[in-house]
Amino acid sequence: MMAESLDMESLLTSFKKFAIHGDTKATGKEMNGKNWAKLCKDCKINDGKNVTGTDVDIVFTKVKAKTSRVITYEEFQKALEELAPKRFKGQSKEEALLSLYKLIEGKEPTNVGVTKVAKTAAVDRLTDTSKYTGSHKERFDETGKGRGKGGREELVENTGYVGAYKNAGTYEEKTKSK
């Protein structure tokens, strides 16, 4: 019996994670139809053969209260009982349900990585410093490392000479030689 209660614990955890997914106001006590469908898809309950998106929607509508738009954890368990024999044909109701729980246990919504940095060709092309032209080119050295301030601003040498003057520092020699 211990194993059963353990399963239930991680099942509840998964239920909560999916219930609050994408909804900042959600408490994790109820799950809407969208997240129920997502759970079924992410946990491979919806396999496209035995259980389709339509089945998932029908079961959701069947277990929820008439006027409600969400299901509670209890209704969620009822829904799983409905789907289990469909998903695992040829297993007894209990076996099928256990197999279904195993699919869901410890799972969480998969788009946890949706905001990952897209390392696509476009990004590579745009961040390839060797292809920069004009003044942008001067901001990076040959290795593509930024030059910092030196690449952005004209650094002024306060020597007292004009920028293009070639004989800087030769005045003393001229006066000595006279």
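In this view, Glu81 satisfies the salt bridge (charged side-chain N to carboxylate O under 4.0 Å, His left out) rule with no residue, not counting sequence neighbours. Scanning for side chain to side chain contact (heavy atoms under 4.5 Å, CB included) contacts around Glu95 gives Gln91, Ser92, with sequence neighbours left out. Remark: Lys17 engages Glu108 in a side-chain hydrogen bond (donor to acceptor under 3.5 Å, both in side chains) (not counting sequence neighbours). Listed by chain and residue number, Phe15, Trp36, Tyr73 satisfy the ring-ring contact (aromatic ring centres under 6.0 Å, His included) test with Phe76 (two or more places apart in sequence, or in another chain). Considering only residues two or more places apart in sequence or on other chains, Asp47 meets the side chain to side chain contact (heavy atoms under 4.5 Å, CB included) condition with Lys49, Asn50, Val51, Arg87. With sequence neighbours excluded, the residues satisfying side-chain hydrogen bond (donor to acceptor under 3.5 Å, both in side chains) with Asp55 are Thr52. Partners of Lys62 under the side-chain hydrogen bond (donor to acceptor under 3.5 Å, both in side chains) rule, at least two apart in sequence or in another chain, are Glu82. Residues passing the side chain to side chain contact (heavy atoms under 4.5 Å, CB included) test with Lys64, sequence neighbours excluded: Phe60, Thr61, Ile71.
A pairwise comparison of heavy atoms in Gly28 and Ala19 identifies CA-CB, 3.8 Å as the closest pair.
Around the NZ atom of Lys41, the shell of radius 6.0 Å holds no more than 12 heavy atoms that belong to other residues, nucleotides or ligands.
Remark: side-chain polar atoms of Ser14 are paired, donor with acceptor, to backbone N or O of Lys107 under 3.5 angstrom. Within the 3.5 Å criterion, the main-chain N or O of Pro109 finds no donor-acceptor partner in the side chain of Asp42. Side-chain N or O atoms of Asn46 include none that pairs as donor or acceptor with a backbone N or O of Cys40 at under 3.5 Å.
Cys43 places a side-chain heavy atom less than 4.5 Å from the side chain of Phe18. By the 4.5 Å heavy-atom criterion applied to side chains, Leu80 and Leu11 are counted as neighbours. Counting only heavy atoms from C-beta outward, the side chains of Phe88 and Leu103 approach each other to under 4.5 Å. Between Leu39 and Ile104 the shortest side-chain heavy-atom distance falls below 4.5 Å.
Rounding to the nearest 0.5 angstrom, the gap separating the OG atom in Ser99 from the CD atom in Glu94 is 11.0 Å.
A single hydrophobic cluster is seen to contain both Ile45 and Met8, as judged by linkage of ILVMFWY side chains at heavy-atom distances under 4.5 Å, directly or through other members. Using a 4.5 Å cut-off between side-chain heavy atoms of Ile, Leu, Val, Met, Phe, Trp and Tyr, with links allowed through other members, Val70 and Leu12 fall into different hydrophobic clusters.
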